[in-house]
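Working notes, beginning with the structure itself.
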Number of protein chains: 2
Amino acid sequence: MPSLPAVPDGKRPTLTDLAARAGVSVSLASIVMRGAKGAGAATRERVLEAAREIGYRPDSRARLLRSSRSHLLGVQFDLQQPFHADMVEALYTAAESAGYQIALSAVAPSRSEQHAVETLLTDRCEALILLSPHAPVSRLTHLAAQLPVVSVARRLRPRAQDVDVVRAADDEGARQAVDHLVALGHRDIVHIDGGRAPGAADRRRGYKAAMNRHGLADRARLVPGGLTEDHGAAAARTLLADASRPTAVLAFNDHCAIGVLDTFLRAGVAVPDEISVVGFDDSHLARLAHVDLTTVGQEVPELARLAVERAVARLEGEATEDDREIVVTPRLVIRSTTAAPFRI
Amino acid sequence: MPSLPAVPDGKRPTLTDLAARAGVSVSLASIVMRGAKGAGAATRERVLEAAREIGYRPDSRARLLRSSRSHLLGVQFDLQQPFHADMVEALYTAAESAGYQIALSAVAPSRSEQHAVETLLTDRCEALILLSPHAPVSRLTHLAAQLPVVSVARRLRPRAQDVDVVRAADDEGARQAVDHLVALGHRDIVHIDGGRAPGAADRRRGYKAAMNRHGLADRARLVPGGLTEDHGAAAARTLLADASRPTAVLAFNDHCAIGVLDTFLRAGVAVPDEISVVGFDDSHLARLAHVDLTTVGQEVPELARLAVERAVARLEGEATEDDREIVVTPRLVIRSTTAAPFRI
DNA sequence: CTCCAGGACTAGAACGTTGCAGAGGAACAG
DNA sequence: CTGTTCCTCTGCAACGTTCTAGTCCTGGAG
């Protein structure tokens, strides 16, 4: 015999069941359940009581089907990026306070962006918030022809038609980091970059510009890196093998910086005594007590709030056409991996 | 070619639009779009072509509303746990090959489990897969009275009524780790535990039992730890402050182990030369080239497959009542943080 | 030639909601 | 007492699908 149905009757209770139980019409039950006005206090209480008794739960699909607005924002994120995890959390609360809901779709090695977006679309999301999307600009514009699209943390150049961008000022962040290091007395500052990752080009540019401005153009040096600990570790090994070791390193992101830290540690190079390290993102990794990494904060809650705000503005037709890009100034968070350089 | 705006009036195209465009009835268009049989080859092609032209996309909400089955599995996961990220990825593929879809709902400091489950329920998920849920057993059984519930990685004792459990044999994993260390020649093996975290009690038990079996009962030693790097780092500091330092450490999970590694590194204690370290989970953290942590693998794809399989079995009434718990044997992955102890 | 099987196609009723157009009353102003 | 207004409540038609029960063919068996 097949296992017993989860619920006695097997069926999940509907508005009709609820209405019957409370002895009112379906419409009235609906009114009560969504807290609309137009129901008497006594009846309201009776309906709510009945709902509790039979364990009634509104069916969001039917609800959304009926009202043409779904109030759903689709969010595409990468399961392996802590920065995305932080963003998703912030997006939940930002969306909630704007009266919207979030539908998540994950990207992973075995699940492409294309696939992720596909499911969000069939779920009838009204707008898409894509975290550091890698898709070609052509695909993004094609999407944007169908519904509002916000790209977070990935700058689009040339600006993609109809695609909104919310991002941190990566160049400015790199500048802040360099300024901080220079103020401490550093002159040999290396940047381990992020290759083709979203934001990497801007961080490179900001780094170079800042070095120039401090008259250190000839000391500027880029080392190829990437987004992961492994990339950082490899770059750090390159630096260690070198005759002239820098006194400070600006890594592409926190992950990368941690790879750097770890490699230095293993090689017996003291941080920050012998070398200073700065990360980027201020993800929760950086905040771990034993890491305590100086890093450039991306103001996650702010980015999330703006992304939602922009998506909603497009949906309600409030946004103008000439402010497609919102840039948030990052904020340097000084912790314990930077200090004045070792003087000879 | 960049197709033109979906439909003149800006509305997303529906089956009716598609049918009109292709010159067939709505029913037939539906048949073609879901690949059912009952349509001629020529017509089929014509409808598909029309769908491409107007950019038609089925509306999953309407679809699910109509067919009483939603084929949706709700997954609750923690944004901050890498192990969960790995599981989610595996769940996507497992569900897909079982003909089901996944709806994600995240747990985070600012978003409770209760809230996460709430949204999954209103989304009409047919079953719930909860990754290391912390909810009290009473709430789980209450949920399970409404729909099939699978708890992954959290053992429920006493067995909760109607709740399925899929988990790794945590005690067995701890045993494997201890056996490995003993085989290498270690005798002073410490376990940094996970407190009240799901699985922690079993790992403690497995550790103690293994130590007993090797006649090392009097050397067994527990140090309070936890799930994060910080917990591991704190525990490691305790060990370092001690007069008699162990030669090997079994940490509660990879995160914790990494905190331990880092602290040892900073203190100039060489791993594995002076002390061996073993983690738990084989999350991608452990696989990073510069970490290369010996760890107990949880067989993520297998856990995911079984969780989906079990949920589906309940839904289709195929599962019996007396095999509520599925236990998967973990597998020790030996990397480079373990070696024979330093001999005096 | 008749009959029937079966393939291609269609009409219309669900699914669980919400929104709209009203039906009854009670309260109140005139 | 009449008319008006407001409030509570109801019935019914959507929303975009799928499903059931057909209709209308074509062609092959008898």
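Reckoned from all heavy atoms, side chains included, excluding hydrogens, waters and symmetry mates. Reminder, nothing fancy here: chain letters follow the sequence lines and each chain counts from 1.
Following rounding to the nearest Å, B:Ile31 (CD1) and D:dC19 (C1') show an atom-to-atom distance of 10 Å. Computed from coordinates, the B:Leu65 CG to C:dA14 C1' distance equals 9 Å when rounded to whole Å. Residue B:Lys37 contributes atom NZ, which lies 15 Å from atom C1' of C:dC9 at whole-angstrom precision. At whole-Å resolution of the value, CE in B:Met33 and P in D:dT17 are 9 Å apart. The CZ atom of A:Arg69 sits 15 Å away from the C1' atom of C:dT18 (whole-angstrom rounding). The distance from atom CZ of B:Arg12 to atom P of D:dC15 is 15 Å, rounded to the nearest whole Å. With rounding to whole Å, A:Leu64 atom CG is found 12 Å from C:dG16 atom C1'. Between A:Asp17 atom CG and C:dG16 atom P the separation is 8 Å, expressed in whole Å.
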(request) Might you work through the side-chain contact (heavy atoms from CB on, under 4.5 Å) test for A:Asp59 and A:Thr14, ending with a clear yes or no? (result) CA-CA 8 Å; A:Asp59 178 337; A:Thr14 99; over 6 Å; no
(message) Run A:Leu104 and A:Phe77 through side-chain contact (heavy atoms from CB on, under 4.5 Å) and show every step you take.
(response) CA-CA 8 Å; A:Leu104 291 183; A:Phe77 73 107; 4.0 Å; yes
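Of all nucleotides listed (C:dC9, D:dT17, D:dT10), D:dT17 comes nearest to the side chain of B:Asp59. With distances taken from any side-chain atom of A:Thr14 to the nucleotides D:dT17, C:dT17, C:dT18, the minimum falls on C:dT17. Closest approach to the A:Leu28 side chain among C:dG16, D:dT18, D:dT10 is made by D:dT10 (side chain taken as heavy atoms from C-beta onward). For B:Arg63, whose side chain is taken as the heavy atoms from C-beta onward, the closest listed nucleotide among D:dT17, C:dT10, C:dT18 is D:dT17.
A donor-acceptor contact under 3.5 Å is formed by the side chain of B:Ser27 with the base of C:dG12. With hydrogens and angles left out, the side chain of A:Arg66 and the base of C:dT18 share a donor-acceptor pair within 3.5 Å.
There is no side-chain donor-acceptor pair under 3.5 Å between B:Ser110 and A:Thr93.
Checking each of B:Val308, B:Val150, B:Val327 against B:Val166 for a side-chain contact (heavy atoms from CB on, under 4.5 Å) leaves exactly one that passes, namely B:Val150.
Across all strands, B:Gly40 comes closer than 4.0 Å only to sugar-phosphate atoms, never to a base (heavy-atom distances).
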